[in-house]
Amino acid sequence: MKRIAATDIETLGVVSRQNYLKLREERKLQQLKDEVEDDRYLFEEIPLSESEYRRTMYKEEICNLLVANKLDENHNEYYRIPEAFDDLKCAAVNQEKRFSVATQGYYDNHKEEAWEDNQIKKAFCDKKFEFKREITLEKSRAKRLVLNEERKKLPIYAFRDEFLQAVNDHQIIVIVGETGSGKTTQIPQYLHEDGYTKHGRMIACTQPRRVAAMSVAARVSQEMGVKLGHEVGYSIRFEDCTSEKTVVKYMTDGMLLREFLAQPELDSYSVVMVDEAHERTLSTDILFGLVKDVARARPDLKLLISSATLDAEKFSNYFDLAPIFKIPGRRYPVEIQYTKSPEANYLDAAVVTTLQIHATQSPGDILVFLTGQEEIETVEQILKHRVRGLGTKIAELIICPIYANLPTELQAKIFEPTPEGARKVVLATNIAETSLTIDGIKYVIDPGFCKMKTYNPRTGIESLLVTPISKASAMQRAGRSGRTGPGKCFRLYTAYSFQNDLDDNTSPEIQRTNLANVVLTLYSLGIEHEKLLRFEFMDPPPADAIKKAMELLYNLGALNGQGKLTKVGRRMAEFPLDPMLSKMIVASEKYKCSDEIISIAAMLSVGNSIFYRPKDKQVHADNARLNFHSGDVGDHIAYLNVFNSWKETNYSSEWCYENYIQVRCMKHARDIRDQLAGLLERVEIELISNSNDLDAIKKSILSGFFPHAAKLQKNGTYGRVKHLQTVHIHPSSGLAEVVPRLVLYHELVLTTKEYMRQVTEIKPEWLLEIAPHYYQLNDVEDSSSKKMPRGCGLAH
DNA sequence: GAGCACTGC
């Protein structure tokens, strides 16, 4: 192609080269954005299935990659783009070519022609949009007719009148609806049709997951023939898609819990349906207690507890012997096979079983449940190796790993249809148990383990342990094979084990988590002190955990000596964060650095997967990370540096890739930060920046995290101040080599050792200044000048 | 010098 010198361009007098390039970038960006917008539009009009929805999301990410020019060879290897997006890649390349040609023409033909070209383009785009819109409307009309027929075929349709009668007769009903019964989509509609939304009151239906709330709302709006967000809407964090018209509202359970803060009697609702109650999320468990109480105060409020399991008796007993309404499901049979004897190595057994299925069983994809990323990577490698050994005698086996931390572009692979003659094997964590469904799975391999979080209220340590799953969980896993046709489930344990070793149900989250936030929420709902100790939990958490939470809240100044919520506590409760983080924000008012503190809080709550560390580029990734630690500022300030640097690049995705940072996490952090900024206004704390005074920022952090102080001991390890407990700085910390005398940490995790994650150096006098009620002089004195506490002496 | 299941506000 003919090159044009910069001087030529200037003499043409059209645009300066820089301006031209900028214009070109902008147009390219706009074009891509338009495509995504079009897809969004489609999403609004026609409810997407979950896999379609995810594909839309992935497409957006791909567009970001394209914009960030990540399609060149190097990055292609680093962020492999799934084949399904080949068309998009081609389009982008063609687009690029067309731009080049147009560029040439642009200069050759001068301003007018180019302008005309632009006009044509615009007209073309308008036309395309109009056309797409027409098709969409037509499709949606046709779909509505089909949907109406489909509604009548659902198992629940036959029980419609019987169900409405039951709701009329009873205030609380426990619904047992197997998967595919249509309860989630139909029940709110029936109630709406039966007049429960008169008098301006809504029907609420809670879901444990955001995607579920969105896609179900989209589906129902389509069935009812209304625009999503009007009569039917959804409400999830960062996104309220409802209006004054809304009568049927799908929401996450956590969102309803938040709404309780504003309206403790749930005045705007006539019916509350707690769906997927058997999952026993932290939020559902608290909702149970609250909603049961409200039902007593408001006889007109109807309560539906919907669960998929057969232990509905327990729910019924809890809700004062509420009647149980059973709805059959529509499922295919699943044949279950056990091993004859226990397997010594379940990874090996999983590989062997996979290959056996591949060699002997009829077509259909395989889903293997593993406990984590590491196992998945190991099995992937072994499988690849073994398949290579089999040569061409056998059909192709496509291996797809999936876990939550896998970059989004790579996750898309599992939704690609399996090519004719090949077989797909999906290696998944628990994410495939409930959070996402994969079409075409016919065989499930279940080794019977998962990783589970446990919390020790005495030490405050959380740890992830590989644990046997429960019977309920095993059934759920098996059910994943019978979604589109009869399936088979291979359990890598004996039938005896299943009967005798596995618990019936997974212990609810509320029994194995830090309750500080739960207790604060309940306090701000007026459930204080004795009332809280009497709170009707379906499965009460350990008394120790509640006591520990109260103690912490008292130390943070959220509760006073009489066990009442203080003004500080009330402000803290506004933030959807761990109380220590909330306290840190409230304290930032005093140190005039709220701007920096909410950035840090947002980054901390996104968690530990911000820094991406690919196996083959660990050194690069670590070096990139160290750039944010200059001056040994500590991990908290490093997080602040990351966020601010990203902000300075105008939230560039490209910058993230260069620095081995996960874009997804950063976007999430930005969303949280925006929300926190809004909440600051609510609690009347001014947004002030004080970026030069690092001590002020550290003091704010310490105001929330002073119980997490650890000091260096003679033997080089750390000891928690106030607790005789040895801890270590996590090697990923920027301070791991610095070894300061006194530090605060964000969290303590137990892996091979007890590690402090996210560490910042503090001064001893700050402890006395900020927490005189908690620390005494002898706590902060240099440990070397003092006798060693018992049990913490040197080894040997 | 080391490993992080999954959600949600």
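Reminder, nothing fancy here: chain letters follow the sequence lines and each chain counts from 1. All values reported here derive from a predicted model rather than from experimental measurement.
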Q) Starting at CG of A:L577 and ending at P of B:dG8, how long is that distance when rounded to a whole Å? A) 16 Å
Q) Counting any heavy atom closer than 4.0 Å, what does A:T252 reach on the DNA or RNA strands: base, sugar-phosphate only, or nothing? A) sugar-phosphate
Q.
Using whole Å, what does the distance between atom P of nucleotide B:dC9 and atom CZ of A:F575 come to?
A. 17 Å
Q: Pick base, sugar-phosphate or nothing for A:Q618, based on heavy-atom distances below 4.0 Å to the nucleic acid.
A: base
Q: Could you state the atom-to-atom distance from CG of A:L282 to P of B:dA5 in whole Å?
A: 21 Å
(Q) At 4.0 Å (heavy atoms only), tell me whether A:R258 reaches a base, stays on the sugar-phosphate, or touches nothing. (A) sugar-phosphate
Q) Looking across every strand, which nucleic acid part, if any, lies under 4.0 Å from A:S283 by heavy atom: base, sugar-phosphate, or nothing? A) nothing
(Q) Pairing donors with acceptors under 3.5 angstrom, does anything connect the side chains of A:Q511 and A:Y455? (A) no
Q.
Just to verify, what does A:R480 make a side-chain hydrogen bond (donor to acceptor under 3.5 Å, both in side chains) with, not counting sequence neighbours?
A. none
Q. Mapping A:Q675 and A:T371 to their closest nucleotides on DNA chain B, which lands nearer the 5' end?
A. A:T371
Q: Assign A:T429 to base, sugar-phosphate, or nothing according to its heavy-atom contacts below 4.0 angstrom with the strands shown.
A: sugar-phosphate
(Q) By the 4.0 Å heavy-atom rule, please label A:Q373 as base, sugar-phosphate, or nothing. (A) sugar-phosphate
Q. Once you round it to whole Å, what is the distance between C1' of B:dG1 and CD of A:E737?
A. 8 Å
Q) Is there a donor-acceptor contact under 3.5 Å linking the side chains of A:S473 and A:E433? A) yes
**Q.** Atom pair distance, as rounded to whole Å: CG in A:N405 and P in B:dA5
**A.** 7 Å
Q: Looking at every strand, decide which applies to A:M452 at a 4.0 Å heavy-atom threshold: base, sugar-phosphate, or nothing.
A: nothing
Q. Reckon A:D671 touches a base, only the sugar-phosphate, or nothing at all at heavy-atom distances under 4.0 Å?
A. nothing
Q. Do the side-chain N or O atoms of A:R210 get closer than 4.0 angstrom to the phosphate oxygens (OP1, OP2) of B:dC9?
A. yes
Q: Could you check whether A:T752 gets within reach of a base, just the sugar-phosphate, or nothing at all, counting any heavy atom under 4.0 Å?
A: sugar-phosphate
Q.
Measure CD1/A:I610 against P/B:dC4 and give the value in whole Å, please.
A. 18 Å
**Q.** Rounded distance in Å - CD1 (A:I431) to P (B:dC4)
**A.** 17 Å
**Q.** Protein-nucleotide distance (A:N514, atom CG; B:dG8, atom C1'), rounded to Å
**A.** 15 Å
Q: Kindly point out which of B:dC6, B:dG3, B:dC9 is positioned nearest to the side chain of A:Y755?
A: B:dG3
**Q.** Shortest side-chain distance from A:S435, nucleotide among B:dT7, B:dA5, B:dC9
**A.** B:dT7
Q: Please tell me which of the listed nucleotides, B:dC9, B:dG3, B:dG1, lies nearest to the side chain of A:P576?
A: B:dC9
Q | 5' priority, DNA chain B, between A:R237 and A:G372 [closest heavy atom] | A | A:G372
Q) Does any non-hydrogen side-chain atom of A:F611 lie less than 4.5 Å from one of A:C665? A) no
(Q) If we count only N and O atoms by modelled type, under 3.5 Å, do the side chains of A:R477 and A:N430 hold a donor and an acceptor together? (A) yes
(Q) Given B:dC4, B:dG3, B:dG8, identify the nucleotide with an atom nearest to the side chain of A:L464. (A) B:dC4
Q | Residue pair A:T513 / A:E509, side-chain donor-acceptor N/O under 3.5 Å | A | no
